[in-house]
Amino acid sequence: MRILLFGSPGVGKGTQAKILSSKLNIPHISTGDILRQAIKDKTKLDKKTQETMNAGELIPDDIMIEIIKDTFFRRGCRNGFILDGFPRTTVQAEELEKLIEELALSNVVVVAITAPEDEIIKRLANRLTCKVCKSIFSKDELENVTVCPKCGAENSFYIRKDDSEEVIKNRINVFNENTKPVLDFYKGKREVIFINGNDSVEKVNEKILEELKMYSVNNN
Ligand code: AMP
């Protein structure tokens, strides 16, 4: 199964991708995590990429497409993957389609998670990330907690620079302008499963798995 996880920042893509990856035993590819790691490793991507991400803007398509091609080949994604954060523009979606065709990949499904904008803003402004395992939590969940409930790392929580109020607004604008049209691109081309993400993590996950099961039954 190959899942393109689609949705605005803060809708829960990262959290759901991690759970799906472990339940379905397929790799989770997060382009945001790949970029953050590249910055940490001080590759040629570092300074300008960091500034762009901190401002909530998009990294140029050619760089992102290179990263995806490289990741597909390196991580052996032939048996499946969950793509989180890519494609974010129609140019990226077109290039991904070419790659899918080139590698003769089947069972590709778009899972689009939706939630009201005010809920998304609230979640992003209330978000803490573990710098070791990259798990995402809300500040409320972690009141008086110093050890990551997922990986056990101590004092590993941080607020992403792009989770500040001003940048959150920009990220949502960028999503509405550049990324939303990707769904129109997929209409009629690929199966798109819509999931209401305004529910608990567990419920949203259940709904995704149910829909994926139906998709598998209908497509095999
Ligand atoms: P994320 O962790 O998915 O929220 O991504 C964090 C940031 O990384 C985004 O705000 C962009 O600056 C950059 N980024 C991640 N994926 C992409 C992509 N597919 N295209 C362009 N920029 C991206």
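Just so you know, ligand 1 is whichever comes first in the structure, and atom 1 is the first atom listed for that ligand.
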Arg36: numbered ligand 1 atoms lying under 4.0 Å from its heavy atoms:
2 (O), 6 (C)
Work out which heavy atom in Pro87 is nearest to a heavy atom in Tyr186; give both atom names and the distance.
CG-OH, 3.4 Å
For atom 14 (N) of ligand 1, grab the closest protein heavy atom and report residue, atom and distance to one decimal in Å.
Leu35 CD1, 3.5 Å
Pair listing, side-chain hydrogen bond (donor to acceptor under 3.5 Å, both in side chains) test, anchored in residues 3-15, at least two apart:
none
So for Glu51 against ligand 1, with non-hydrogen atoms under 4.0 Å, the contacting part is neither
Specify the protein heavy atom at minimum distance from atom 22 (N) of ligand 1: its residue, its atom name, and the distance to 0.1 Å.
Ile59 N, 3.1 Å
Should Arg160 be counted as touching ligand 1, given the test is an N or O pair under 3.5 Å?
yes
Has Asn178 got a side-chain atom pairing as donor or acceptor with Val174's backbone, closer than 3.5 angstrom?
yes
Go through the structure and list residues passing ring-ring contact (aromatic ring centres under 6.0 Å, His included) with Phe137, not counting sequence neighbours.
Phe157
Nearest neighbour in protein (non-hydrogen) for atom 9 (C) of ligand 1
Arg88 NH2, 3.9 Å
With atoms numbered from 1 as shown, which atoms in ligand 1 lie under 4.0 angstrom from a non-hydrogen atom of Arg171?
4 (O)
among protein heavy atoms, the one nearest atom 19 (N) of ligand 1 is Gly85 O, 2.8 Å
Going by the 4.0 angstrom heavy-atom rule, the piece of Met64 near ligand 1 is side chain
State whether Glu101 and Lys98 are salt-bridged, where the test is any N-O pair (Lys NZ or Arg NE/NH1/NH2 against Asp/Glu carboxylate O) under 4.0 Å.
no
Close-contact set for ligand 1 against Thr31 heavy atoms, below 4.0 Å
15 (C), 16 (N), 17 (C), 19 (N)
Is Asp163 salt-bridged to Arg127, going by a charged N under 4.0 Å from an acidic O?
yes
Nearest-neighbour protein heavy atom for atom 7 (C) of ligand 1, which is reported as residue plus atom name and distance:
Met53 CE, 3.7 Å
Give me the nearest non-hydrogen protein atom to atom 20 (N) of ligand 1 as residue plus atom name, then the distance to 0.1 Å.
Gln92 NE2, 2.9 Å
Between Gln92 (side chain) and Arg88 (backbone), is there a donor-acceptor pair under 3.5 Å?
yes
Lys122 vs Glu119, salt bridge (Lys or Arg N to Asp or Glu O under 4.0 Å): CA-CA, chis, key distance, verdict
CA-CA 5 Å; Lys122 214 162 62 189; Glu119 174 63 27; 3.6 Å; yes
Exceeds 12 heavy-atom contacts within 6.0 angstrom, atom CD of Gln37
yes
Report the nearest protein non-hydrogen atom to atom 12 (O) of ligand 1: residue, atom name, distance rounded to 0.1 Å.
Glu57 O, 2.6 Å
